[in-house]
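Proteins come first, then strands; the chains are lettered A, B, ... in the order of their sequence lines, and each starts at number 1.
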Amino acid sequence: MYQKYDAVIVGAGGAGLMAALHLSSAGRVAVISKLYPVRSHTGAAQGGIGAALGNLEEDHWEWHMFDTIKGSDYLADQDAAEILCREAIETVYDLEHWGLPFSRTPDGRIAQRPFGGHTREYGKAAVRRSCYAADRTGHMILQTLYQQCIKHDVHFFNEFHLLDLLVEGGRCAGAVALCLATGELHTFHAKAVLLATGGCGRMFRVTSNALALTGDGMAVAYRRGIPLEDMEFFQFHPTGIYKLGILLSEGARGEGAILRNNQGERFMQRYAPTLLDLAPRDMVSRAIYREIQEGRGIGGKNYVHLDMTHLGREVLDQKLPDITDFVRTYLGIEPATQPVPVHPTAHYAMGGIPTDVDGRVVVDEHNTPLPGLYAAGECACVSVHGANRLGTNSLVDILVFGRRSGRHAATFMKQNDWPPLPPRPDERAAALLAQLMNTGGSERAADIRDTLQNEMMDKAGVFREAKGLQAMREKLQELRERYQRVKLEDRGAQYNTELVEVIELGGMIDLADTLVAGALARQESRGAHSREDFPQRDDAHWLKHTLAYQTPRGPELRYKPVKITKFEPKERKY
Amino acid sequence: MNVTLKIRRFNPERDREPWWGTYTVEAESTDRLLDALNHVKWYQDGTLTFRRSCAHGVCGSDAMLINGSNALACKVLLKDLGQHVTVEPLRGFRVIKDLLVDLEPFFAKYRQVKPYLITASAPPANERLQSPAERERYDDTTKCILCGACTTACPSFWANPAYIGPAAIVNAHRFIFDSRDEGAEERLSILNTADGVWRCRTIFNCVEACPRGINVTRAIGEVKQALLYRKL
Ligand SMILES: Cc1cc2nc3c(=O)[nH]c(=O)nc-3n(C[C@H](O)[C@H](O)[C@H](O)COP(=O)(O)OP(=O)(O)OC[C@H]3O[C@@H](n4cnc5c(N)ncnc54)[C@H](O)[C@@H]3O)c2cc1C
Ligand code: SF4
Ligand code: FES
């Protein structure tokens, strides 16, 4: 089926909805999403959105910017980080004006709490910067944006799965998606396409990410010759519920919760004497792994304790009600009286589709844009998070750059006409479906996925080294071969969710490839990328962004410089 | 433990009538029902169809009828369900395939109550002020994830599918009692119609069904009070 729109947004999480609000008034705009918008994983965000409002104590966007850069281990592009922290403030006020039910201070202003790596006066002490609505900040953001989209009559195509991007004559000409309800392919002919498809945490065994977070947008772009930036930087959040990976927000530590080892020791004292449990995530996750490696896990097992028992029931019920409920529901533990077993959980992709500060997708080391193609949110890499994202900065990122890309695309689509479509625009998508539907293979997708997730966790997780990464590379080759013979039991057209899962798996294998290739090449430790065989940061050789391009021989790597404006790289201590 | 799942199946491309499929899975007692459903889909029958995403009770995808009560499959543990579990699609929505139902009428009703902040005045440069007590007034209903469990547990809704239903009323409540909102009158008149709030017979099924612990019946009661006394 053929449809013509001025612009198409793919993804209806925070980034996609924010873009839609700024784009849909400018023309005919379609938002396509594989999930109903309110099911997007932005709704799972808990702890808060960072903005230097200074409601409870002095704060400045410059401090926020410094923390972001330092947190990124100096890999963030500083021009972008400056925009992030400046525009965070008006963004939070916009949300409030749209009705977002923030928690409040006694004098009625937006409440703020401390969060990992956020400090006053360039690192002196923790600062209250995270604006929150209990531990449901993401839920409130997603609801509020969706409500505004209803108010402004945004046109949604729910349960449409992106399969391909159309690039013709050096311009993006639209997208092809599978309508899940009917099994039909739809070609969306558009002057501008904005990808806002979220993260890819499901390539790891233990993750805080939804089952739907399979990195589809990144994989589709990659297969169309667009590079992926900094994929080796994947954040492990320190406090996932033992085995399940369900997140217990840093907001818990922001409210005073403490990590303890099997001796009851507050071990973060040894790793980050100033910020302690509120050190950045990469550091805390490594500290937990070290404790476990050195035999100080609880009962000799691979977890530590998150101790919230001293916070009191009122704080738990008022400020952390959802995570309290998760602990009770899934562990049968009462966090007011018992410590909670936690370990790091795969959480956030710092890397993604490279863009400039207006969300335009850029395709090489000279930042050449691909006209008509935009990306925003977790699937994009601006890069404001560099090698390690600070808590609360993703919600800022998706909204600030969702808005900027929406605005830029609005101007672009007014100034440009529709590019021609290729003769058979859905050819590639149709071939992919035909191939999967007719393989008659014998490999179970679930087995391939289990292997992928387990091996990635062990070999490309918190700690990495050449040997494991090399082995992972070979394993991925094997998985790719097995995937050629993948079996499909559901041959139906309507709501073929098995087919969708198999497509998602294919994309994740490609993304894992880029992650492993980037990690193997990068012979240093920086932020979330920690090489046992190269424990030091190496600015002389590696203060640069990775770009991974797809080739028949696997990912080809190129590099581009980091933009440094205000803060020269320094050693990172907390 | 071994768990036997009896699942209501229907594939529009294959079946004329719904049927029961029975599956045995080996699972931990602390597994979620969603884990067991995934296990069936991934290792026994790839055609089994249901919605899911977050897997921890915050996205609202997987509300279904589990041993006769509405719940999220990702928020109930097998140990609380016993060794024989019956799983059916939500009642009162059109079944499309297996456990997956048509949500369009549900969202249409949600949209009907104007679920967005309505204000006449221009906002200040910074935030609008709202005291913690004013914020607390509508806290309960901000938690809704639009899973549909309440509406499809409601006998008034089964009897009359035109009834706007508890979920839409909950979302109207969220704005009616927000001190910043000025659209209460509009919403109240929408809810004051034949298929509006008065269809509620205070049966309380919705409260039991709500996975977010929202006191749905109380919220509906407060909207009724507001209508009777127009006092917010
Ligand atoms: C548990 C948890 C807690 C978090 N807490 C915080 C926090 O407190 N503060 C913070 O700053 N960050 C937090 N984060 C990170 C942050 O929430 C996410 O990075 C952010 O919400 C991502 O938003 P997004 O709009 O990019 O993507 P998402 O909200 O994930 O949305 C992706 C959208 O893309 C659509 N989509 C995906 N693939 C396809 C396809 N193939 N076809 C069509 N549509 C597709 C989906 O349907 C969905 O609508 C948290 C993350 C998690 C997992
Ligand atoms: S009120 Fe509760 S049961 Fe009803 S839709 Fe909202 S979350 Fe679901
Ligand atoms: S899968 Fe999200 S609520 Fe169950």
Distance col, row Arg104(A):CZ vs Arg135(B):CZ, nearest 0.5 angstrom, shows 8.0 Å
Show, in sequence, the C-alpha distance, side-chain angles and deciding distance for Leu146(B) and Tyr36(A), and conclude whether the side chain to side chain contact (heavy atoms under 4.5 Å, CB included) test is met. CA-CA 10 Å; Leu146(B) 294 165; Tyr36(A) 269 89; over 6 Å; no
Is the backbone N or O of Gly46(B) less than 3.5 Å from a side-chain atom of Glu489(A), with the two atoms forming a donor-acceptor pair by type? yes
Bottom line for Ala493(A): the part with an atom under 4.5 Å from chain B's heavy atoms is both
Identify which part of Asp45(B) has an atom lying under 4.5 Å from any heavy atom of chain A, answering side chain, backbone, both or neither. both
What option among Arg111(B), Lys41(B), Arg174(B) has the most heavy-atom pairs under 4.5 Å with chain A? Lys41(B)
Cut-off 4.5 Å, heavy atoms of chain A, and the answer for Ile118(B) is neither
Which atoms of Glu28(B) approach chain A - backbone, side chain, both or neither, heavy atom under 4.5 Å: neither
Rounded to the nearest 0.5 Å, what separation is found between the CZ atom of Arg14(B) and the CZ atom of Arg491(A)? 13.0 Å
Taking side chain as everything from C-beta outward and backbone as N, CA, C, O, which of these in Arg136(A) sits under 4.5 Å from a heavy atom of chain B? Side chain, backbone, both or neither. side chain
Treating Glu13(B) as the side-chain partner and Gly492(A) as the backbone partner, does any N or O pair qualify as donor plus acceptor under 3.5 Å? no
What part of Tyr146(A) lies closer than 4.5 angstrom to a heavy atom of chain B: side chain, backbone, both or neither? side chain
Look up atom CZ in Arg444(A) and atom CH2 in Trp42(B), then write down how far apart they are to the nearest 0.5 Å. 12.5 Å
Between chain B and each of Pro106(A), Ala181(A), Ala445(A), Ala134(A), count heavy-atom pairs under 4.5 Å; write down the option with the most. Pro106(A)
Locate the shortest heavy-atom distance separating Ala212(A) from Ser53(B); write the atom from each residue and the value. CB-OG, 3.4 Å
Say whether Thr497(A) and Lys97(B), considering side chains only, have a donor N or O and an acceptor N or O under 3.5 Å apart. no
Nearest 0.5 Å, what's the CG-CZ distance between Leu129(B) and Arg109(A)? 7.5 Å
Select one option (side chain, backbone, both, neither) describing which atoms of Thr144(A) are under 4.5 Å from chain B's heavy atoms. neither
Partner of Phe107(B) under side-chain contact (heavy atoms from CB on, under 4.5 Å), picked from Val38(A), Asn158(A), Ile150(A), is Val38(A)
To the nearest 0.5 Å, atom CG of Leu103(B) lies from atom CD of Glu159(A) at 7.0 Å
If you tally heavy-atom pairs under 4.5 Å against chain A, which of Thr30(B), Asp98(B), Leu100(B) wins? Leu100(B)
Drop me the distance from Tyr495(A)'s OH to Arg51(B)'s CZ, to the nearest 0.5 angstrom. 5.0 Å
What one should report as the nearest heavy-atom pair of Ala125(B) and Tyr93(A) is O-CD1, 3.9 Å
Might you point out which heavy atoms bring Leu211(A) and Ala55(B) nearest each other, and give the distance in Å? CD1-CB, 4.2 Å
For Tyr138(B) and Pro101(A), the nearest pair of non-hydrogen atoms, with its separation, is OH-CB, 3.4 Å
How about CD on Glu26(B), more than 12 heavy atoms from neighbouring residues, nucleotides or ligands closer than 6.0 Å, or not? yes
Would you say NZ of Lys487(A) has more than 12 non-hydrogen atoms from neighbouring residues, nucleotides or ligands within 6.0 angstrom? yes
Okay, Ser131(B) and chain A: the region with an atom under 4.5 Å from a heavy atom over there is backbone
What part of Asp322(A) lies closer than 4.5 angstrom to a heavy atom of chain B: side chain, backbone, both or neither? side chain
Which bit of His41(A) is near chain B, if near means a heavy-atom gap under 4.5 Å: side chain, backbone, both or neither? side chain
Non-hydrogen atoms of chain A under 4.5 Å away: do they reach the side chain of Glu134(B), the backbone, both or neither? neither
Partner chain A: residue of Phe50(B), Tyr110(B), Tyr116(B) with the largest heavy-atom pair count (under 4.5 Å): Tyr116(B)
Is there a side-chain contact between His139(A) and Ile145(B) in this structure, where contact means two heavy atoms from C-beta onward sitting under 4.5 Å apart? yes
Heavy atoms only: give me the nearest Leu117(B)-Trp98(A) pair and the separation to one decimal. CB-O, 3.7 Å
Go through the steps for Gln147(A) and Phe175(B) under the test side chain to side chain contact (heavy atoms under 4.5 Å, CB included), then give the verdict. CA-CA 11 Å; Gln147(A) 291 157 2; Phe175(B) 289 100; 3.3 Å; yes
Would you say the side-chain atoms of Gln143(A) and Asn171(B) include a donor-acceptor pair closer than 3.5 Å? no
Sort Leu100(A) into side chain, backbone, both or neither according to what part of it lies under 4.5 angstrom from a heavy atom of chain B. backbone
Does the His56(B) side chain pair with the main chain of Ala44(A), one donor and one acceptor, at a distance under 3.5 Å? no
Against chain B, label Ile110(A) side chain, backbone, both or neither, depending on which of its atoms sit under 4.5 Å from a heavy atom there. both
Are the side chains of Leu244(A) and Arg32(B) in touch, meaning some heavy atoms are under 4.5 Å apart? yes
Work out which heavy atom in Arg180(B) is nearest to a heavy atom in Gly99(A); give both atom names and the distance. NH2-O, 2.7 Å
Heavy-atom proximity to chain B below 4.5 Å, by part of Glu90(A): neither
Between Asp325(A) and the options Lys75(B), Lys143(B), Arg212(B), the salt bridge (charged side-chain N to carboxylate O under 4.0 Å, His left out) test singles out Lys75(B)
